[in-house]
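Residue numbers begin at 1 in each chain, while the letters A, B, ... track the order of the sequences.
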Number of protein chains: 2
Amino acid sequence: MVTNTRPRSAGAFGAIADPTRRAILDLLRTGDLCAGDLARQFPVSRPAIAKHVRILRSAGLLREHRRAQQRIYSLDPAALGEIDNWLAPYRLFWAARLTDLKQLLESTENRND
Amino acid sequence: MVTNTRPRSAGAFGAIADPTRRAILDLLRTGDLCAGDLARQFPVSRPAIAKHVRILRSAGLLREHRRAQQRIYSLDPAALGEIDNWLAPYRLFWAARLTDLKQLLESTENRND
DNA sequence: GCGTAGCGTAACCACATGGTTACAAATACC
DNA sequence: GGTATTTGTAACCATGTGGTTACGCTACGC
């Protein structure tokens, strides 16, 4: 019996379920942004973005630090590891991708040291 | 402007957002199951599972074939590639962080003992 | 000190979502 | 053919979710 204590405070899986939140993460990948600049990238209101940011933060995907009145948000993708881990056994199914990943990691190592 | 045509028919990201649906996929990873056997693994009603299965199927993650009155469900994890692809650039990110962390840890070890 | 810029929160609303029970359809069994 | 088994669908309900507008707080500029 898979007794399923539903966490109801989403976590990473819930956080990336929404396309707007994924777009926020994608944007932040290119550099930090303050709340206003972030919100200006989307066709929805600033409070709506604030709520998404709140969810992303509670999922541990965003860090916030303040500069003057601004709140600067930066990516903290470590929490995506949960998803990556869950995905891992399925990745066996499409083994061809594994070599891609290996190459990716190798090139990263090269770039990084 | 990230103009965000919300698909509202979930897709893989929405499909794996629910813990029950992830558990269904995990179960199916060990072998095919008919609807009844599947439902018996969970503390919710059979129709609830049927709805989850429907969502997983429309996300392309499950295949169904019939045997007598039974519907046998089998995993088709190819659609998880969408998630894997989205995750890829972040994997770079935390690979970079990991080496940063490694360096940090090494220098800390040196300082610390 | 005072106006203004930047931003989160509260209150509210429409609708999606996950669950339930009741029912109907298809297939095996005798 | 009649009955039991297996299963999806319909109808309904409570709650979650993403959006809005209105408001309040904090920090700079002068």
Between B/Arg22 and B/Ile16, is there a donor-acceptor pair closer than 3.5 Å when you use the side chain of the first and the backbone of the second?
-> yes
Separation of atom CZ in B/Arg54 from atom C1' in C/dA16, rounded to whole Å = 15 Å
Anything under 3.5 Å between a protein N or O and an N or O of nucleotides 22-28 of chain C, put it in a table, one pair a line.
none

Correct closest heavy-atom pair for B/Ala15 and B/Arg21 would be O-NE, 2.7 Å
Taking CD1 from A/Ile72 and C1' from C/dA5, how many angstroms apart are they, rounded to a whole number?
-> 14 Å
Taking for each residue the nucleotide of DNA chain D bearing the nearest heavy atom, is the 5' side occupied by B/Cys34 or by B/Lys51?
-> B/Cys34
Residues forming a salt bridge (Lys or Arg N to Asp or Glu O under 4.0 Å) with B/Asp32, sequence neighbours excluded | none
Hey, does the side chain of A/Tyr73 come within less than 4.0 Å of C/dG6's phosphate (OP1/OP2), counting only N and O?
-> no
Would you say a side-chain N or O of A/Ser45 is under 4.0 Å from OP1 or OP2 of D/dT20?
-> yes
Qualifying ring-ring contact (aromatic ring centres under 6.0 Å, His included) pairs with a residue from residues 49-73 of chain A, counting only residues at least two apart or across chains | none
NA contact type, A/Ala48, heavy-atom cut-off 4.0 Å: base, sugar-phosphate, or nothing?
-> base
Output yes when at least one side-chain N/O atom of A/His52 is less than 4.0 Å from OP1 or OP2 of D/dT17, else no.
-> no
Does atom CZ of A/Arg29 have more than 12 heavy-atom neighbours, drawn from other residues, nucleotides or ligands, at distances under 6.0 Å?
-> yes
Heavy atoms of B/Gly60 and B/Ala79 approach each other most closely as O-CB, 4.0 Å
